[in-house]
Colleague: 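Dumping the structure here so I can ask a few things about it.
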Number of protein chains: 2
Amino acid sequence: MATEIPELSHPDRSDLRLTDVLFALSDPERLAIVRQLAGGPLEMAQCHLSDPSMPKSTKSHLMKVLREAGIIRNEPLGRGRRLSLRRDDLEARFPGLIGSVLSASAET
Amino acid sequence: MATEIPELSHPDRSDLRLTDVLFALSDPERLAIVRQLAGGPLEMAQCHLSDPSMPKSTKSHLMKVLREAGIIRNEPLGRGRRLSLRRDDLEARFPGLIGSVLSASAET
DNA sequence: CTGATTGTTCGAATAATTTCGAACCAATCC
DNA sequence: GGATTGGTTCGAAATTATTCGAACAATCAG
């Protein structure tokens, strides 16, 4: 049973690239996801998008961009997925950045 | 004399959109430009890119994206252009953001 | 006025992203 | 086992961004 579960890959904290992070955050839908996760981890099924009729493959792709930029963690949980913001990694690598983005996105 | 010089258009401070700003900053070349301008206004001809052989139309386009996002100001000066970072507008609209981006981009 | 310097704009080619259905996989429930 | 739920991956189509030459405009030097 030592079969390894193929986890999704996440970049190391030291490999986070500022431009990739900024790019991932530059999409309104992705930014909205990050804002939800700022409130704490969420199961993917409970993470709602602005358009509820969006295909799941599109939603999955949004998560992939965020994950590959190192912004969120996406790990299996039961039959679903648990999403969380990699806040400490972001803070360590780019101090103040995620906080200012979140508070800037809060207005309006 | 009363002929209006067609200035390039710049968005008002209140019209700055976070996602547009993040997108404009998500390109390494554009981010490098912003870093140079953080040191103070510069004439465009003195603003050097990583690739010195880049065509001027491409350079002009990079400036356009930054200008339309509201990150830089681009005004005529003599026969050239004066570029400046709209730091106070950015700071007023998105407190802390440009500072954290600049300091994050300083490392490496 | 002529010519050289600086940049913008346009249009077309190329490259990168996004979108979405279909196929697939793993865990759960009966 | 078989059906259901929740999500990833693949591939193709559509959209959006980038690149760059050519044409144009304005300023300055002589």
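Reminder, nothing fancy here: chain letters follow the sequence lines and each chain counts from 1. Everything quoted here is computed from the prediction, not taken from an experiment.
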Colleague: When the distance from NZ of B:Lys59 to C1' of D:dT18 is rounded to whole Å, what number comes out?
Modeller: 17 Å
Colleague: Could you tell me whether the phosphate oxygens of C:dT8, OP1 or OP2, come under 4.0 Å of any side-chain nitrogen or oxygen in B:Asn74?
Modeller: yes
Colleague: Restricting to non-hydrogen atoms, name the atom on B:His10 and the atom on B:Leu8 that form the minimum distance, rounded to 0.1 Å.
Modeller: ND1-O, 3.2 Å
Colleague: Starting at atom NE2 of A:His10, determine the distance to atom C1' of D:dT8, rounded to an integer number of angstrom.
Modeller: 13 Å
Colleague: Check whether A:Leu85 and A:Val65 end up in the same hydrophobic cluster, where Ile, Leu, Val, Met, Phe, Trp and Tyr are linked by side-chain heavy atoms less than 4.5 Å apart.
Modeller: no
Colleague: According to a 4.5 Å side-chain heavy-atom criterion applied to Ile, Leu, Val, Met, Phe, Trp and Tyr, with indirect links allowed, do A:Phe23 and A:Val101 form part of one hydrophobic cluster?
Modeller: no
Colleague: Which sits closer to the 5' end of DNA chain C, B:Gly80 or A:Gly78, going by the nucleotide each is nearest to?
Modeller: B:Gly80
Colleague: To the nearest Å, give me how far apart CZ (A:Arg81) and P (C:dA27) are.
Modeller: 10 Å
Colleague: In plain terms, say whether B:Glu43 and B:Arg82 are close enough for a salt bridge, that is, a side-chain N and a carboxylate O under 4.0 Å apart.
Modeller: no
Colleague: Apply the test side chain to side chain donor-acceptor pair (under 3.5 Å) to residues B:Asp51 and B:Ser53: give CA-CA distance (whole Å), side-chain angles for both, the deciding distance (0.1 Å), then the verdict.
Modeller: CA-CA 5 Å; B:Asp51 175 9; B:Ser53 70; 2.7 Å; yes
Colleague: Take the protein atom CD of A:Gln46 and the nucleotide atom P of D:dT5, then report the distance between them rounded to whole Å.
Modeller: 15 Å
Colleague: Using atom CZ of A:Arg82 as one end and atom C1' of C:dA27 as the other, report the distance to the nearest whole Å.
Modeller: 18 Å
Colleague: Within a radius of less than 6.0 Å around NZ of B:Lys59, do more than 12 heavy atoms belonging to other residues, nucleotides or ligands occur?
Modeller: yes
Colleague: Would you say the side-chain atoms of A:Asp27 pair up with the backbone N or O of A:Glu29, donor to acceptor, closer than 3.5 Å?
Modeller: yes
Colleague: Mind calculating the distance between CG (B:Asp51) and C1' (D:dT18) to the nearest angstrom?
Modeller: 14 Å
Colleague: What's the CD1-C1' distance between B:Ile33 and D:dT18, to the nearest Å?
Modeller: 14 Å
Colleague: Which parts of nucleotides 16-25 of chain C does protein reach within less than 4.0 Å, heavy atoms only, written one letter per nucleotide 5' to 3' as B for base, S for sugar-phosphate only and - for none?
Modeller: -SSBBBB---
Colleague: A:Met44 CE to D:dT9 P: how many Å, rounded?
Modeller: 11 Å
Colleague: Can you identify which nucleotide, out of C:dT8, D:dT9, D:dC28, has its nearest atom closest to the B:Arg79 side chain?
Modeller: D:dC28
